[in-house]
Amino acid sequence: MMTTSPLFSGFDGLMNLSRREGVDIRPTLLRVLADLYVQTNTHSEQEARQFVELTSRLIDQVDDATRAAVRARLALYPATPAPVLKHLGLKPSVPDQPVPLAREIQPPPTAMALEPVKNFHEAQLRMAAKLSMQPQDAAEISGLFFGASPSERALMLHNLAEMPLKASPRVPAQRAARSIEVLEMASWVADVESFTLELGETLILPWKIATQVVNDPTGEPLACAAKALGMQSPVFQRVLLFLKPEIGTSVHTVYRLSRLYDVFKEQSALIMLAAWRGSAMAVTRARYRSGLYDDERSRARSPTTQNRTASQPAPGVAAIPTGSSQNS
């Protein structure tokens, strides 16, 4: 028989006790197992085998909330055994290699600007003295951000913090806290529609832009929206893990976005939020400008030119005799 490691000693006894007493402590055991395992960076082969054996017996026997919490805990731990990751629906890392880290986010170059974001810097210079964004400028920044690559977006978020632009005001703390709780609950059950609706209402974004932010395949707009809302980094990581499978099952993507989230400033997120709101105003103005142009002239009524003649009196009104007829 396999010798019990000191790390997991007593768990079999607790399992037997819970069966005899009728108290279901399996959710608590699974959480404690995960917490104990991630406290150290390395484990012996014996500890890894016992952890796989114990967690495999518990994962399918606990409630969804416990399974989700343990999944979030172990997904960010580099030394989680591959069988456990697979059992939780996560992609295991490549054997004998560390968990891939995102590339270092470099500061903006001083000698010359990167070619893909040249237009972005031109817009920055043009708006330097305005402070408040005009709708057309906001639409330009929003379009450049959504059309950029992940590395270009990281650079743009870094630059936004240094731009003298008026940012959107922060969401009130009480409203933000309530919204963050709703967003986290929606992400746990992968309810993208409810998540999008709540995010759009809280940040005052049209449905089209909120949908574009949530459904972006690489995740930077979602990170920007969460930062503008004041979401804490651990909560944002849980949202990444559960909201969308294409992001949550990729350890590299979760690490890259988590690192970006910790680096860029809230000021950048609030300026980008102002750009999204301003771009919506630009679209609205463009949509209704043709309908309002020359509106007063088109609605003006042309004066009537037809006058009643004396020979055609109104019905029921007797004609007034003339002087010649009286003399006769």
Side-chain angles (χ1 to χ4, degrees), residues 31 34-35 38 63-78 80 85 88-91 99-102 105 145-146 150 153-154 157 168 170-205 207-266 268-270 272-273 276:
R31 288 175 181 265
D35 289 339
V38 301
D63 57 283
D64 292 340
T66 300
R67 191 181 302 110
V70 173
R71 185 174 185 264
R73 186 77 163 153
L74 296 179
L76 298 177
Y77 180 63
T80 301
L85 289 175
L88 291 171
L90 300 168
K91 291 182 179 180
V99 175
L101 296 177
I105 300 177
F145 183 77
F146 280 115
R153 288 175 174 179
L157 289 175
S168 295
R170 291 187 180 92
V171 179
Q174 186 175 1
R175 176 69 176 94
R178 183 169 65 253
S179 179
I180 290 172
E181 183 178 356
V182 174
L183 292 173
E184 187 174 9
M185 293 175 61
S187 67
W188 275 20
V189 294
D191 189 350
V192 178
E193 183 177 357
S194 297
F195 186 96
T196 305
L197 181 62
E198 176 65 25
L199 187 70
E201 289 182 351
T202 306
L203 297 180
I204 318 177
L205 292 174
W207 173 257
K208 182 178 181 181
I209 295 181
T211 302
Q212 190 176 7
V213 168
V214 175
N215 292 338
D216 186 88
T218 57
E220 290 82 12
L222 181 60
C224 197
K227 195 85 167 186
L229 193 57
M231 186 179 292
Q232 296 296 320
S233 182
V235 179
F236 175 67
Q237 292 173 3
R238 291 195 291 269
V239 169
L240 289 178
L241 288 170
F242 301 122
L243 181 62
K244 300 175 68 179
E246 59 269 26
I247 292 180
T249 56
S250 173
V251 177
H252 174 76
T253 303
V254 171
Y255 264 72
R256 178 180 61 81
L257 291 175
S258 298
R259 190 171 184 177
L260 174 64
Y261 193 80
D262 292 336
V263 169
F264 79 96
K265 298 179 180 179
E266 181 191 41
S268 299
L270 293 175
M272 184 56 66
L273 177 60
W276 289 337

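Numbers here are sequence positions counted from 1. Small disclaimer: the values here were computed from a predicted structure and weren't measured.
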Next on the checklist: Going by the rule side-chain contact (heavy atoms from CB on, under 4.5 Å), which residues pair with Thr249 if we only count those two or more places apart in sequence or in a different chain?
Outcome noted: Arg71, Lys91
Checklist entry - Can you pull the ring-ring contact (aromatic ring centres under 6.0 Å, His included) pairs that have at least one residue in residues 207-230, sequence neighbours excluded? => result none
Checklist outcome for this item: Minimal heavy-atom distance between Leu243 and Leu222, with the atoms involved, is CD2-CD2, 4.2 Å
Checklist entry - Should Glu201 and Val182 be marked as a side chain to side chain contact (heavy atoms under 4.5 Å, CB included) after you check the CA-CA gap, both sets of side-chain angles, and the distance that decides it? => result CA-CA 12 Å; Glu201 289 182 351; Val182 174; over 6 Å; no
Next on the checklist: With side chain to side chain contact (heavy atoms under 4.5 Å, CB included) as the criterion, how do Leu205 and Leu273 come out once you've worked through the C-alpha distance, each side chain's angles and the decisive distance to 0.1 Å?
Outcome noted: CA-CA 9 Å; Leu205 292 174; Leu273 177 60; 3.8 Å; yes
Next on the checklist: Looking at every heavy atom in both Leu240 and Val254, which two are closest together, and how far apart are they?
Outcome noted: CD1-O, 4.2 Å
Checklist outcome for this item: Hits for side-chain contact (heavy atoms from CB on, under 4.5 Å) against Ala75, two or more places apart or cross-chain, chain-then-number order -> Leu90, Leu241
Checklist entry - Which heavy atom in Leu88 sits nearest to a heavy atom in Arg67, and how many Å separate them? => result CD2-CG, 4.2 Å
Checklist entry - Can you name the salt bridge (Lys or Arg N to Asp or Glu O under 4.0 Å) partners of Asp191, sequence neighbours left out? => result none
Checklist entry - For Leu199 and Leu183, which heavy atoms make the closest approach, and how far apart are they? => result N-CD2, 3.9 Å
Next on the checklist: Just to verify, what does Glu198 make a side chain to side chain donor-acceptor pair (under 3.5 Å) with, not counting sequence neighbours?
Outcome noted: Arg175, Ser179, Thr202
Checklist entry - With Ser258, which residues qualify under side chain to side chain donor-acceptor pair (under 3.5 Å), at least two apart? => result none
Checklist entry - Among all residues two or more places apart in sequence or in another chain, which pass the salt bridge (Lys or Arg N to Asp or Glu O under 4.0 Å) test with Arg170? => result Glu266
Item to check | Mutual orientation of the aromatic rings belonging to Phe146 and Trp276 [parallel < 30°, tilted 30-60°, perpendicular > 60°] | outcome: parallel
Item to check | All ring-ring contact (aromatic ring centres under 6.0 Å, His included) counterparts of Phe195, not counting sequence neighbours | outcome: none
Checklist outcome for this item: Contacts of Glu193 meeting salt bridge (Lys or Arg N to Asp or Glu O under 4.0 Å) (sequence neighbours excluded), chain-then-number -> none
Checklist entry - Met272 versus Pro221: any side-chain heavy-atom pair under 4.5 Å? => result no
Item to check | For Asn215, side chain to side chain donor-acceptor pair (under 3.5 Å) partners two or more places apart | outcome: none
Item to check | For Gly200 against Ala210, the heavy-atom pair lying closest together | outcome: CA-CB, 3.9 Å
If you look only at distance, which donor and acceptor atoms sit under 3.5 Å apart when one is on a side chain in residues 224-239 and the other is two or more places apart or in another chain?
residue: Lys227; atom: NZ; partner: Tyr261; partner atom: O; Å: 2.6
residue: Lys227; atom: NZ; partner: Phe264; partner atom: O; Å: 3.2
residue: Ser233; atom: OG; partner: Asp262; partner atom: OD1; Å: 2.9
residue: Arg238; atom: NE; partner: Glu184; partner atom: OE2; Å: 2.6
residue: Arg238; atom: NH2; partner: Glu184; partner atom: OE2; Å: 3.1

Checklist entry - Within the side chain of Lys244, is there an N or O that forms a donor-acceptor pair under 3.5 Å with the backbone of Val214? => result yes
Item to check | Residues, nucleotides or ligands: over 12 heavy atoms within 6.0 Å of Glu246 CD | outcome: yes
Item to check | Pro150: partners by side-chain contact (heavy atoms from CB on, under 4.5 Å), with sequence neighbours left out | outcome: Thr218, Glu220, Arg256
